[in-house]
Amino acid sequence: MSPPAQSPKANQSPKAKTLQSWLTGPRVGALPSLTAMPAPLLSFEFFPPRTEALEAQLWSCVKRLEPLRPRFVSVTYGAGGTTQARTHATVTRILRETSLTPAAHLTCVGATRDEVDEVARGYWEAGVRHIVALRGDPPAGQAGYEPHPGGYAYAADLVAGLKRIGDFEISVAAYPEVHPTATSPDDDLDNLKRKIDAGATRAITQYFFDAPTFLRFIDRAHAAGITVPIVPGILPVTNFGQVAKFSAMCGAKVPDWMARLFDGLEEDAETRRMVAAVVAAEQVRLLQANGVDEFHFYTLNRPDLTYAIAHILGARPQG
């Protein structure tokens, strides 16, 4: 009896099989070339310094990124209002000494309405016209958020209060993967709608890493009647372990592919920065290919990494 006939592939060497798979496998279209898309609109977030050394680092960051002419730069507010004075000093100095447009974070935590209103009036009188209005995180040692007895209870209340003080541009937070204390995705979206209806003009999202997560979220937001810009928050990751821990607390999913990319780089900071730049740039370019044209970068006061990513995306210093 003759041996069974073998297919041509069965007689191929491993190299030939590899070539065959390359030739016959599905073709995946590349992202649009960098020249096919304009540089996106950018904004940057800084945190106020706690020491003189960190203050020098912050101003190095501000000066490094200023030539990119972002739409605005925001300055964070510590849990429980712990950095209120430093935030105010940083915002007013940016306004006074740079060409940048600063946005001040303001929260509901740890202050009465009168105290919050006084801070807001101080910003208005100083010439600051953009506020990032947040509910805020509970102070250290407090298990969960509790509204101040005489304060603004939630971010929607704060937005309405700010609008009574002045015609601020107001940005609020949005959560593509749902705020960890929300009872449901629909409840979380309803809360965002309340903030918009109270007068917010933009939403900036918590960071996320998978583009479809954001795209599904904006589809749901549009269906809910939200029409203001929802700007993706982008976090370049250099310390994977730290981000994984923080993400577990704030409800952001860290995909397995990201863990694999950073595996084995714990003692290699330079390679981590290279990987971080590639990951963030690719995330932005994929969103750009889906029509998103504005991004908010959480810089962590690390200017060179953010600058490199912006350069990859086509942003260049402007005179």
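Quick caveat: nothing in here was measured; it's all calculated off a predicted structure.
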inquiry  = Keeping Thr201 on the side-chain end and Ile170 on the backbone end, is there a donor-acceptor pair under 3.5 Å?
reply    = yes
task = Check whether any side-chain N or O of Arg86 sits under 3.5 Å from a backbone N or O of Pro49 as a donor-acceptor pair, and report yes or no.
result = yes
Between [Y] and [X], is there a side-chain heavy-atom distance shorter than 4.5 Å?
{"X": "Phe262", "Y": "Val254", "answer": "no"}
{"X": "Arg71", "Y": "Val231", "answer": "no"}
{"X": "Glu45", "Y": "Thr299", "answer": "no"}
{"X": "Phe72", "Y": "Pro102", "answer": "no"}
{"X": "Phe44", "Y": "Leu68", "answer": "yes"}
{"X": "Val172", "Y": "Val159", "answer": "yes"}
{"X": "Leu189", "Y": "Tyr175", "answer": "no"}

request  = State which residues pass ring-ring contact (aromatic ring centres under 6.0 Å, His included) with Tyr123; sequence neighbours excluded, sorted by chain then number.
outcome  =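 Tyr123: ring-ring contact (aromatic ring centres under 6.0 Å, His included) contacts with His88.
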task = With sequence neighbours left out, write down each residue that passes ring-ring contact (aromatic ring centres under 6.0 Å, His included) with Phe208, or none if nothing qualifies.
result =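 Applying ring-ring contact (aromatic ring centres under 6.0 Å, His included) to Phe208 gives Phe214.
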What pairs of donor and acceptor atoms, side-chain ones from residues 232-240 against any protein atom, are under 3.5 angstrom apart with sequence neighbours left out?
residue, atom, partner, partner atom, Å
Thr238, OG1, Arg302, NH1, 3.1
Asn239, OD1, Gly241, N, 3.4
Asn239, OD1, Gln242, N, 3.0

ask   = In the hydrophobic cluster built from side-chain contacts under 4.5 Å, what are the other members alongside Leu41?
value = none
inquiry  = Show me the pairs that pass side-chain hydrogen bond (donor to acceptor under 3.5 Å, both in side chains) and involve residues 303-312, at least two apart or across chains.
reply    = Arg64-Asp304, His311-Arg316
Could you give all pairs that pass the salt bridge (Lys or Arg N to Asp or Glu O under 4.0 Å) test and reach [range], with sequence neighbours left out?
{"range": "residues 264-285", "result": "Glu270-Arg273"}
{"range": "residues 186-210", "result": "Glu169-Arg202, Asp186-Arg220, Lys193-Asp197, Arg202-Glu294"}
{"range": "residues 105-123", "result": "none"}
{"range": "residues 147-159", "result": "none"}

[X]: which residues meet the salt bridge (charged side-chain N to carboxylate O under 4.0 Å, His left out) condition with it, sequence neighbours left out?
{"X": "Glu146", "answer": "none"}
{"X": "Arg69", "answer": "none"}
{"X": "Lys253", "answer": "none"}

key: Ser99/Glu66 under side chain to side chain contact (heavy atoms under 4.5 Å, CB included): CA gap, chis, key distance, verdict   = CA-CA 7 Å; Ser99 61; Glu66 181 180 7; 2.8 Å; yes
inquiry  = Within the supplied structure, the quantity of interest is the number of heavy atoms (other residues, nucleotides, ligands) at a distance under 6.0 Å from Asp219 CG; does it exceed 12?
reply    =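 Yes, the 6.0 Å shell around CG holds more than 12 heavy atoms from other groups.
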message = Do Trp124 and Tyr152 sit in one hydrophobic cluster, given that two such residues count as connected whenever their side-chain heavy atoms are within less than 4.5 Å of each other, even indirectly?
response = yes
task = Test side chain to side chain donor-acceptor pair (under 3.5 Å) on Thr101 and His130 and set out the steps.
result = CA-CA 8 Å; Thr101 300; His130 189 170; over 6 Å; no
